[in-house]
Amino acid sequence: MSRPPHVARTIPALRRELDGLRARKASIALVPTMGALHEGHISLVRLAKRRADKVVVSIFVNPTQFAPTEDFGSYPRTWKEDVAKLAAERVDLIWHPDAKAMYPDGFVTRIVPEGAALAGLEDRFRPHFFGGVATVVAKLFTQCRPDVAIFGEKDYQQLRVVAQMARDLDLGVRVVGSRTVRERDGLAMSSRNVYLSAEQRRVAPTLHRVLKEIATRLRAGEDMRQAVRDGAAAITEAGFALDYLEVRHAETLAPIGPKESGPKRILVAAKIGTTRLIDNIAA
């Protein structure tokens with residue numbers, strides 16, 4: 001049986017644990033999570049182990065990135081299962097603060113990102129989100145002082161925002177994206193997939209199928225706007241309420257014209273029932 005990782009719940013305890021991990025100048029990788037770990041998270045841990053000597057996983061359901069209408073209270077929390085999975089991967093440390101440790105009385109400072117955070121994608125529907133993400137991630141970076149931090153590409157706009165923030169604020173952290181891990185039928189793994197009914201779960205892979213179809217059409221030189229219109233129609237006909245389906249510049253997330261060159265990313269967000277799913281692929 002694998003030894004459970006050490007768990008730090010306060011800043012002083014975290015600092016003591018990190019001092020121990022840094023013995024002999026060991027490098028540290030951080031994997032920030034909100035728990036409810038699945039194989040997608042475990043893939044991030046495995047990449048972290050390849051990139052550094054020691055691995056820290058944070059588990060914190062961050063209240064500042066949830067709007068009042070969102071699922072903060074019901075967000076899945078599976079602490080015992082999460083610890084067992086991280087023990088099996090031989091993670092060195094779990095940073096598991098509560099809200100009081102992260103946002104003590106009198107906390108008033110917020111980071112307000114721009115650039116990719118104002119791309120008109122997730123920010124259009126969740127205007128509170130990236131300020132909450134940037135603030136908590138900046139705190140995690142300064143608390144843990146990792147050499148590298150691993151984020152999944154499924155939350156692609158988040159990845160771009162965090163990478164830019166780390167560069168702009170000279171945080172000394174290399175932000176690395178890891179490919180999206182999928183179910184056999186193409187559905188991107190997400191902690192929120194547990195909310196799907198059996199019928200919704202059957203339909204959910206439509207998003208990935210449509211993204212692949214659009215990417216194929218773009219590579220064949222077909223009209224981008226028509227490919228996106230057809231994809232939007234297919235998603236809606238499958239029973240989704242579509243928030244967006246966009247082709248954007250892969251680095252800046254700026255809108256691009258049909259004839260523009262450069263790396264492209266196709267991004268989608270849609271709700272089926274009460275569950276909102278996001279996905280993206282390279283074009």
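- Using a 4.5 Å cut-off on side-chain heavy atoms (C-beta onward), Arg248 and Leu267 make contact.
- No side-chain N or O of Ser27 forms a donor-acceptor pair with one of Asp147 less than 3.5 Å apart.
- In terms of modelled atom types and a separation under 3.5 Å, the side chain of Thr180 and the main chain of Ala188 share no donor-acceptor contact.
- Using a distance-only test at 3.5 Å, with no hydrogens or angles considered, a donor-acceptor pair links the side chain of Thr33 to the main chain of Ser58.
- Cation-pi geometry between Arg160 and Tyr156 is satisfied (NZ or CZ under 6.0 Å from the ring centre, within 45° of the ring normal).
- Asn280 and Gln157 are not linked by any side-chain donor-acceptor pair at a separation below 3.5 angstrom, with hydrogens and angles left out of the test.
- Between Ile28 and Arg22 the shortest side-chain heavy-atom distance falls below 4.5 Å.
- The shortest heavy-atom contact between Ala8 and Trp95 is O-CE3, 3.1 Å.
- Between His38 and His41, the ring-plane angle classifies as tilted under the 30° and 60° cut-offs.
- Side-chain atoms of Arg265 do not come within 3.5 Å of backbone N or O of Ala250 as any donor-acceptor pair.
- The nearest pair of heavy atoms linking Val148 to Val173 is C-CG1, 4.1 Å.
- With hydrogens and angles left out, the side-chain atoms of Glu70 and Tyr75 include no donor and acceptor closer than 3.5 Å.
- Electrostatic pairing of Arg276 and Asp71 does not count as a salt bridge here, judged by no charged N lying under 4.0 Å from a carboxylate O.
- Ring orientation note: the planes of Phe60 and Tyr103 are tilted relative to one another, at an angle of 30° to 60°.
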